[in-house]
Amino acid sequence: MNYRLTKSERLHAEKLIKELFHEGSSFFLYPFKVLFLRKIELSGQTNQVLISVSKKKIKRATGRNLIKRRVRESYRLNKHLLPQDGVILGFIFVGNPEMPFSEIQAKMAQTLSKLSKEISENPLSHDS
RNA sequence: UGUGCAAGUCGGCUUGUCGCUGUCCCGAUGACCAUCGGGGAAGAGGAAAGUCCGGGCAACAAAGAGCGCCAUACUUCCUAACGGGAAGGGUGCUGUCUGGAGACGGACAGUACACAGAAAGUGCCACAGAAAACAAACCGCCUUUUGAAUUCAGGUUUCGCCCUGAGCCAUUCAAGAGGUAAGGGUGAAAAGGUGGAGUAAGAGCCCACCGCCCCGACAGUGAUGAAGGGGGCACGGCAAACCUUAUGGGUUGAAAGAUCAAAUAGGCCCCGGGCAAAGAGCUGCUCGUUCGAUUUCCGUGCAAACGGGAUUCCGGGGUGGGUAGAUCGAUGGAUCCCGAUCGUGAGGUCGGGGCUAGAUAAAUGGCAAGCCUCUUUUGAUUUCAGAAGAGACAGAACCCGGCUUAUAGACUUGCACUUUUU
């Protein structure tokens with residue numbers, strides 16, 4: 001199983017980030033707000049992920065760094081739950097700053113399963 | 001031994017495993033670029049923070065002068081520079097000791113200082129108080145004028161009576177005219193103080209001493225100190241009010257800015273050529289003057305020098321990749337450590353050695369185990385053993401020098417107090 005998380009799997013293109021926030025669908029599953037966007041021209045390619053932590057929720061930069069690292073780590077270990085189909089993902093953490101890694105990991109698995117189910121029920125039509 | 005204060009140092013460690021960032025090596029895709037795979041070593045701080053000062057760097061602007069605005073403000077030094085630092089001076093406060101009858105003075109230690117100017121001008125000084133600044137006059141004290149009232153002072157006596165003396169005087173009250181700043185009271189602050197002489201009462205009005213002001217030999221680079229001389233004594237405080245004086249400052253800030261569209265940028269490869277004392281400071285320019293130097297490695301050679309390579313620059317050719325993306329800026333520097341030496345010190349000079357974090361929707365992490373430290377608790381006289389919990393402040397973003405603020409705990413040195421033993 002591939003547990004790596006290379007640069008190509010992380011979202012860094014400014015254009016795609018704008019599209020994700022403007023056109024992407026979203027749902028909320030504590031402690032994440034999840035944004036996702038599927039594009040016809042990207043289908044079949046690797047998924048790309050973005051992780052963000054609210055500055056309002058966690059004031060200190062060290063605290064934000066810690067949470068981002070834990071979320072990224074949990075995504076890295078659970079990304080096999082989601083099929084590779086060029087999905088653009090955004091995780092915005094809004095939970096407790098002292099949430100331990102084990103809890104984050106459990107929630108991440110739950111979130112990815114839900115997302116996977118949603119994607120398989122609504123296949124991307126070439127007309128839209 | 002413990003506690004406190006000051007200065008300094010450190011600020012969790014180890015292993016395994018799964019990952020991330022750039023970099024080097026190897027392999028594959030035709031290729032040193034790109035992609036994929038494997039491996040090696042490296043990868044946050046003392047404050048990385050606040051963005052408060054100073055500098056480098058960059059772009060833009062700019063004849064010169066004046067005005068304005070902002071900053072700084074004891075002296076000398078350190079420094080690339082600074083509003084930073086060092087040493088020194090001054091003033092205030094506190095403590096100890098000490099001289100004097102006293103006013104007050106001296107020495108030492110600690111501590112604070114936004115320490116230029118209040119005898120250039122303007123303004124302000126609440127409340128209280130008579131008065132808050134060319135002093136004034138509420139109470140009080142004294143002299144005197146007018147009016148009114150009373151005899152008044154002393155002795156004796158329980159008191160009254162009485163006795164002696166003086167009465168256009170004296171005392172009291174009211175109003176007016178003047179003198180006064182001793183005393184009272186107010187205030188953060190009231191125009192020298194102590195003691196005397198003097199006076200109607202008083203007063204630096206006068207005298208002695210203390211304080212203060214002015215001049216000041218001499219000492220010191222200087223801030224400043226100061227022998228001595230003179231002066232009856234003014235010149236209240238606030239400049240963190242305006243202001244004056246002196247010095248400095250063009251503006252912006254790496255999200256600055258430079259570059260790239262089939263190549264003319266930048267990377268890599270190949271070929272050819274240049275390069276060795278220029279240069280830097282002072283200056284608008286010239287002259288002049290000062291500083292400074294002969295790139296580095298290997299080979300031959302005593303050396304001079306010669307040959308080859310590297311670095312750097314120029315020219316030519318080749319080559320691969322990316323497109324809101326890429327390259328440069330951008331990580332080796334006023335650098336750190338050790339030693340010697342000069343200096344009271346901040347620091348300077350010389351010698352030796354060491355140092356690849358460079359991200360860019362932004363790496364330096366997750367998990368497990370063990371150790372270390374601290375706190376609580378249980379057992380045990382202490383050493384010790386077990387259990388539970390915690391490990392601060394905090395995340396590089398162009399780079400340096402400072403300042404300020406946050407910080408669990410540990411260690412070192414010095415000083416003070418304390419305990420035990422001798």
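Protein chains get the first letters and strands the later ones, always in sequence-line order, with residue 1 at the start of each.
- Across all strands shown, B:A416 is found opposite B:U3 as a Watson-Crick or G-U wobble partner, with both distances under 3.5 Å.
- Across the protein-nucleic acid pair, A:Arg70 atom CZ and B:C367 atom C1' stand 11 Å apart, rounded to whole Å.
- With hydrogens and angles ignored, the 3.5 Å screen pairs a side-chain donor or acceptor of A:Ser113 with a backbone N or O of A:Ala109.
- Linking ILVMFWY residues whenever their side-chain heavy atoms come closer than 4.5 Å, directly or via other members, places A:Ile119 and A:Tyr75 in the same cluster.
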As a quick check of understanding, evaluate side-chain contact (heavy atoms from CB on, under 4.5 Å) for A:Leu29 and A:Val34, giving each step before the final call.
CA-CA 8 Å; A:Leu29 193 151; A:Val34 182; 5.6 Å; no
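- Under the 90° criterion around 0 for the glycosidic angle, B:G89 counts as anti.
- The CG atom of A:Leu50 sits 14 Å away from the C1' atom of B:U360 (whole-angstrom rounding).
- Within the 4.0 angstrom heavy-atom criterion, only backbone atoms of the sugar-phosphate kind lie near A:Arg72; the bases stay farther away.
- Under the Watson-Crick and G-U wobble criteria, each requiring two contacts below 3.5 Å, nucleotide B:U91 is paired to B:A112.
- Nucleotide B:C285: unpaired (no Watson-Crick or G-U wobble partner with both distances less than 3.5 Å).
- One cannot find a donor-acceptor pair under 3.5 Å joining the base of B:C20 and the side-chain atoms of A:Arg76.
- Remark: B:A58 base-pairs with B:U252. Criterion, Watson-Crick or G-U wobble with two distances under 3.5 Å.
- Annotation: B:A177 and B:G160 have their C1' atoms spaced 45 Å apart (nearest Å).
- Atom CG in A:Asn78 sits roughly 14 Å away from atom C1' in B:G19 (whole-Å rounding).
- The separation between A:Leu77 atom CG and B:A368 atom P is 12 Å, rounded to whole Å.
- Pairing of B:C328, defined by two Watson-Crick or G-U wobble distances under 3.5 Å, is identified with B:G257.
- Comparing the C1' positions of B:G257 and B:U311 gives a spacing of 28 Å, expressed to the nearest Å.
- Nucleotides B:G16 and B:U9 place their P atoms 34 Å apart, quoted to the nearest Å.
- Inter-residue side-chain proximity for A:Gln48 and A:Leu89 is flagged as unmet; no heavy-atom pair is nearer than 4.5 Å.
- In this structure, B:A34 and B:U29 make a Watson-Crick or G-U wobble pair, each of the two defining distances being under 3.5 angstrom.
- Taking for each of A:Thr62 and A:Ser102 the nucleotide of RNA chain B with the nearest heavy atom, the 5'-most of the two is the partner of A:Ser102.
- In this structure, CG on A:Leu50 lies 7.5 Å from CD1 on A:Ile92, to the nearest 0.5 angstrom.
- Rounded to whole Å, the separation between the C1' atoms of B:G185 and B:U146 comes to 33 Å.
- Of the residues near RNA chain B, A:Glu73 and A:Gly63, the one whose nearest nucleotide (by heavy atom distance) lies more toward the 5' end is A:Glu73.
- Nucleic acid contact for A:Leu66: sugar-phosphate only, since backbone atoms but no base atoms lie under 4.0 Å from a heavy atom of the residue.
- Straight-line distance between the C1' atoms of B:G307 and B:C313: roughly 23 Å, to the nearest whole Å.
- For the C1' atoms, the distance linking B:G106 with B:G100 amounts to 11 Å, nearest Å.
- The glycosidic torsion of B:G204 lies within 90° of 0, which places this base in the syn conformation.
- Taking atom CD1 of residue A:Ile67 and atom P of nucleotide B:G366, one finds them 11 Å apart after rounding to whole Å.
- Look at A:Glu73 and A:Arg76 and you find a salt bridge, because one of the NZ, NE, NH1 or NH2 atoms lies within 4.0 Å of a carboxylate O, short of that distance.
- Rounded to an integer number of Å, the gap from CD of A:Gln105 to P of B:G365 is 18 Å.
- The glycosidic torsion of B:G167 lies within 90° of 0, which places this base in the syn conformation.
- Contact detail for A:Ile104 and A:Ser74: the closest heavy-atom pair is CG2-OG, 3.8 Å.
- One atom, CZ of A:Phe101, and another, C1' of B:G19, lie 11 Å apart when rounded to the nearest Å.
- If you take atom P in B:U51 and the same atom in B:A42, they sit 36 Å apart, rounded to whole Å.
- B:C52 and B:U341 have their C1' atoms separated by 39 Å, given to the nearest Å.
- The base-pairing partner of B:A223, taking Watson-Crick or G-U wobble contacts with both distances under 3.5 Å, does not exist among the strands shown.
- Regarding contacts with the backbone of B:U364, a side-chain N or O of A:Arg69 is found under 4.0 angstrom from either OP1 or OP2.
- With a cut-off of 3.5 Å on both Watson-Crick or G-U wobble distances, the partner of B:U375 is given as B:A388.
- Shown here, B:A44 is classed syn by the O4'-C1'-N9-C4 or O4'-C1'-N1-C2 angle, which is within 90° of 0.
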